[in-house]
Amino acid sequence: MLRTHTCGELTATHNSQSATLAGWVHTRRDHGGVHFIHIRDRFGMTQVVFEPSHDQTAYELADNLRREWVIQITGIVRMRSSDQVNQKLSTGEIELVAHSLKILNKSDVPPFTLDEWSEPTESVRFKYRYLDLRRAEMQRNFQIRHKAAQAARAHLSEEGFLEIETPMLVRSTPEGARDFLVPSRLNPGTCYSLPQSPQLYKQLLMVSGMDRYFQIARCMRDEDLRSDRQPEFTQIDIEASFITEEFIYGLVERLMQRIFRDAIGFEIAAPFARLTFAHAMEKYGCDKPDLRYGLELADVTDIVKESDFTVFKSVVAKGGMVKCINPEGTLTKGDLETYIEFAKQNGAQGMAWMKVTEAGLESNIVKYFSPDIQKRLIERTGAKPGSTLMYIADRPKVVNEVLSRLRADLARKLNLINTKVFSFAWVTDFPLFEYDEKEKRIGAAHHIFTMPKAEHIDLLETDPLKVLAQCYDLVLNGIEIASGSIRIHDPEIQKRVMKVIGVTAEQAEKRFGFLLEAFRYGAPPHGGIAPGFDRIVALMSGYNDIREVIAFPKTASGTSLLDGCPTPAEAEQLRELHMKFVVQ
RNA sequence: GGGGGUGUAGCUCAGUUGGUUAGAGUACCUGCCUGUCACGCAGGAUGCCGUGGGUUCGAGCCCCAUCACUCCCGCCA
């Protein structure tokens, strides 16, 4: 061992003992007659003092030290006087008086400083990610990530789940996200694909009688990226047999409690709130509402259609709706102009507003609303004097989209978000199908193996868009962090569902034949869920950007600034793969 | 695929209406200093103003194109 202790370990209890530390030079302070340095490793920092009276050789050598050099120091632990204690360091009560210094490695001048005050941009951080990861903040993030993974493993094991690996080279499926393809050398003209998720394999494991499966699984999707979407990401993939939705809710609530407790010492309350999809859309305008604040939407379609305001009336006449939000807090004329612009940019025709005062409603359109209608509007919205009613009238899709964004923006602007809270909610009772307006046809809302609600199965043929699914999302602070469903294990129901979305038996056979065949050999009822590990760790650590908790992330265009991938393939590689690139 | 933002010293940024030699902080180098801990003080070095083209007597600044990073929409069953 090149050290006797770590850099975060020495305290008053080690006073007068000899110790050897190894680590990086974090800072140096040359006082002429005495040198100080902070030596840093993953575990902390310790102040080292070089005094000529203690060791002339080490003192002179220390003069050459530079930031990020790797050194080994042996010395005596000494108490600092009370006025010299550094409260910010765990080792701040002591310092190491060096009598031997060995330079293990030098360093070029780093491109950015690794202290807590400098904020290099992402491009620089990603290019030198190995240096970025030396920063205390990043070291903390990956400790949290590690603890979260360990907690998930331990908890699921304790609940009887088996961790089983599924293949990375899999069959391409046409549904869902775009696949990454891996050409096969041994089979000219064919490709594997990288898994978008272990979905089909975990269902096969249920047919195999594994009963309870989990995997901390890497998933790859060749889609455009966002700050919360990387081309490869990690899920805590879970599947279980002979269960109902309630089992998943309880399991995941206990799992989340364990992860948050073990990783960041935070106790989260369970059971989590539950909202149906319909309720979420009505009150929040989206299927992943942030419940850290209220600001609920109110549907006033039935009230305003009796007004004389033609803008609202004509929208209602065309089958549209009118909803409003009533933020309390001061909104200036300028703010309202900004929000009208905001609404237009998000697809609305405009935005109407009324100020609520002690005397009633005020705005340039109030004259079109009778006193009775005004009273009913105030009642419906529960609006208090000082708040502002902001209306969007349009097709339901537009109204909800615009108002849910407006809601999020208002909450931020009016400082309504308690950032110390983790607000979990289950969103349930999603529709099984959705109508694709572009393709003019019905498609699966989740995936085609999702089980309809038992009481809605007979609607499959008569009114498929009314069929609700045994399908659930877990939302944390307005971000979807898990999604799952009870699966169809009955071939008859599977056929009926596929018929609704227009998949023929032949097409199904071609795409998922191996799964459907497996299901003919006694598939148990089963279901599962897949919490997004990166998102959970990011939120626990206080970020919205999952790149802060991924060791070597890609840029928004899917490249790596660190190693420069993707790179052109060598002609020889392509020849072996029986491939030719045709680049325009 | 569409829209927005950014690009100036190693790093983070400022740069006015187009006008002389492009600045600051920090990092870096040198010197001084025996109690600092984001040490201090003094001095020094550091620029393809993303790239290419254009307008102009003159461009960091205006115009066009392009690249990179980034955010949003589409996309992500």
Side-chain angles (χ1 to χ4, degrees), chain A residues 26-40 45-54 59 63 66-68 78 80-81 83-89 91-92 95 97 107-128 131-132 173-179 196-197 199-200 219-231 233 342 345-347 401 405 430 432-434 436 438 442-450 469 471 480 483-485 497 501 503 511-512 530 532 544-545 547 553-561 564:
Chain A
H26 189 68
T27 58
R28 60 197 177 90
R29 293 177 294 282
D30 173 0
H31 281 254
V34 61
H35 302 321
F36 298 94
I37 65 149
H38 277 159
I39 182 171
R40 183 198 74 236
M45 268 200 286
T46 306
Q47 174 163 280
V48 180
V49 195
F50 295 91
E51 294 171 338
S53 59
H54 197 80
Y59 165 77
D63 202 31
R66 292 296 181 269
R67 291 162 53 221
E68 300 307 314
R78 184 170 72 188
R80 301 193 189 188
S81 65
D83 58 325
Q84 286 166 8
V85 169
N86 185 340
Q87 306 286 355
K88 285 190 273 183
L89 294 183
T91 61
E95 60 194 4
V97 191
S107 168
D108 286 356
V109 175
F112 52 88
T113 50
L114 302 182
D115 60 44
E116 58 196 288
W117 297 275
S118 48
E119 273 186 55
T121 47
E122 281 193 325
S123 314
V124 180
R125 292 176 57 204
F126 291 170
K127 179 168 182 194
Y128 300 97
L131 295 180
D132 188 38
T173 50
E175 308 270 315
R178 211 172 282 121
D179 286 321
Q196 298 169 24
S197 81
Q199 182 64 35
L200 302 183
C219 306
M220 290 77 155
R221 294 179 187 175
D222 188 8
E223 293 294 345
D224 286 6
L225 310 178
R226 296 279 192 280
S227 56
D228 61 349
R229 275 171 18 196
Q230 282 275 298
F233 61 98
F342 182 92
Q345 275 168 9
N346 283 286
E401 263 176 34
R405 286 202 186 126
F430 284 85
L432 184 62
F433 304 107
E434 61 194 3
D436 187 328
K438 256 189 283 172
I442 290 178
H446 186 61
H447 64 59
I448 65 163
F449 307 114
T450 302
C471 180
E480 179 193 314
S483 184
S485 65
V497 166
I501 58 176
V503 175
R511 293 178 194 176
F512 320 104
N544 288 320
D545 189 337
R547 285 173 293 208
K554 303 282 192 290
T555 66
S557 53
T559 65
S560 163
L561 296 178

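First the proteins, then the strands, lettered A, B, ... as listed; each starts at 1. FYI, side chains are in, hydrogens and waters are out, and symmetry mates aren't considered; it's all heavy atoms of this structure.
Candidate nucleotides B:G35, B:C75, B:C69 were compared by shortest atom distance to the side chain of A:Arg178, and B:C75 ranks first. When the nucleotides B:G35, B:C37, B:C76 are ranked by their closest atom to the side chain of A:Glu223, B:C76 comes out on top. When the nucleotides B:U30, B:U34, B:C71 are ranked by their closest atom to the side chain of A:Pro52, B:U34 comes out on top. Among B:U30, B:U70, B:C39, the nucleotide with an atom closest to any side-chain atom of A:Arg66 is B:U30. Of all nucleotides listed (B:U70, B:C29, B:C11), B:C11 comes nearest to the side chain of A:Pro120. Residue A:Pro111 has its side chain nearest to B:G10 when only B:G35, B:G10, B:C69 are considered. Taking every side-chain heavy atom of A:Ala556 into account, B:C71 is the closest of B:C75, B:C71, B:U12. Comparing B:C28, B:C69, B:C37 against the side chain of A:Gln47 picks out B:C37 as the nearest. Checking B:C37, B:C72, B:C76 against the side-chain heavy atoms of A:Arg29 singles out B:C37 as nearest.
B:C32 is paired with B:G40 under the Watson-Crick or G-U wobble criterion, all donor-acceptor distances under 3.5 Å. Pairing partner, B:C13: B:G23, with both Watson-Crick or wobble hydrogen-bond distances short of 3.5 Å. Of the nucleotides present, B:A68 is the one that pairs with B:U6 by Watson-Crick or G-U wobble criteria, both distances under 3.5 Å. Base pairing analysis places B:G18 opposite nothing; no Watson-Crick or G-U wobble pair with both distances below 3.5 Å involves it.
Across all strands shown, A:Asp30 has heavy atoms under 4.0 Å from base atoms, whether or not it also approaches the sugar-phosphate. Heavy atoms of A:Thr173 sit nowhere under 4.0 angstrom from any nucleic acid atom. Residue-level contact check: A:Glu119 touches the backbone only, with heavy atoms under 4.0 Å from sugar-phosphate atoms and none from bases. At a threshold of 4.0 angstrom between heavy atoms, the contacts of A:Asp224 include nucleobase atoms, whether or not backbone atoms are also involved. At the heavy-atom level, A:Ser227 lies under 4.0 Å from the strands shown only through sugar-phosphate atoms. Here A:Arg221 lies in heavy-atom contact (under 4.0 Å) with sugar-phosphate atoms only. In this structure, A:Glu95 reaches the bases: a heavy-atom distance under 4.0 Å links it to at least one base atom across the strands shown. Within 4.0 Å of A:Ser118, counting heavy atoms only, lies no atom of the nucleic acid at all. Among the protein residues, A:Ser81 comes within range of no part of the nucleic acid, since none of its heavy atoms lies under 4.0 Å from any strand. Nucleic acid contact class of A:Ser53 (heavy atoms, under 4.0 Å, all strands): none. Within the nucleic acid shown, A:Glu122 comes within 4.0 Å of sugar-phosphate atoms alone, with no base atom in reach, counting heavy atoms only. Across all strands, A:Arg80 comes closer than 4.0 Å to base atoms (heavy-atom distances). Across all strands shown, A:Arg511 has no heavy atoms under 4.0 Å from either base or sugar-phosphate atoms.
Within the 4.0 Å cut-off from OP1 or OP2 of B:C69, at least one side-chain nitrogen or oxygen of A:Thr559 is found. Close to B:C69, at under 4.0 Å from its OP1 or OP2, lies a side-chain N or O of A:Ser557. Of the side-chain N and O atoms in A:Thr555, one or more sit less than 4.0 angstrom from OP1 or OP2 of B:C69. Between A:Arg547 and B:C71 there is a side-chain N or O to OP1 or OP2 distance below 4.0 Å. Dashed line: the shortest gap from a side-chain N or O of A:Arg405 to OP1 or OP2 of B:C73 is under 4.0 Å. Phosphate proximity of B:C69 to A:Lys127: absent, as no side-chain N or O sits under 4.0 Å from OP1 or OP2.
More than 12 heavy-atom neighbours from other residues, nucleotides or ligands sit within 6.0 angstrom of CG on A:Asp545. In this structure, A:Asp63 places its CG atom where more than 12 heavy-atom neighbours from other residues, nucleotides or ligands lie under 6.0 Å away.
Contact annotation: side chain of A:Arg78 to base of B:G35, donor-acceptor pair present below 3.5 Å. Applying the 3.5 Å distance criterion, the base of B:G74 shares a donor-acceptor pair with the side chain of A:Arg226.
Once the 5.5 Å centre distance and the 30° plane angle are applied, the aromatic ring of A:Phe112 is found not to be stacked with the base of B:C11. Stacking of the aromatic ring of A:Trp117 onto the base of B:A38 is found: the ring centres lie under 5.5 Å apart and the planes are inclined by under 30°.
A:Tyr59 has its ring centre no less than 6.0 Å from the ring centre of A:His54.
Between A:Glu51 and A:Arg78 there is a salt bridge, with a side-chain nitrogen of the basic residue lying less than 4.0 Å from a carboxylate oxygen of the acidic one.
Nucleotides B:C72 and B:A45 are separated by 43 Å at their C1' atoms, to the nearest Å. Taking atom P on both B:G40 and B:G52, the two are 40 Å apart, rounded to the nearest angstrom.
If you measure from atom CD of A:Glu68 to atom C1' of B:C28, you get 14 Å, rounded to the nearest angstrom.
There is a side-chain donor-acceptor pair under 3.5 Å between A:Ser557 and A:Thr555.
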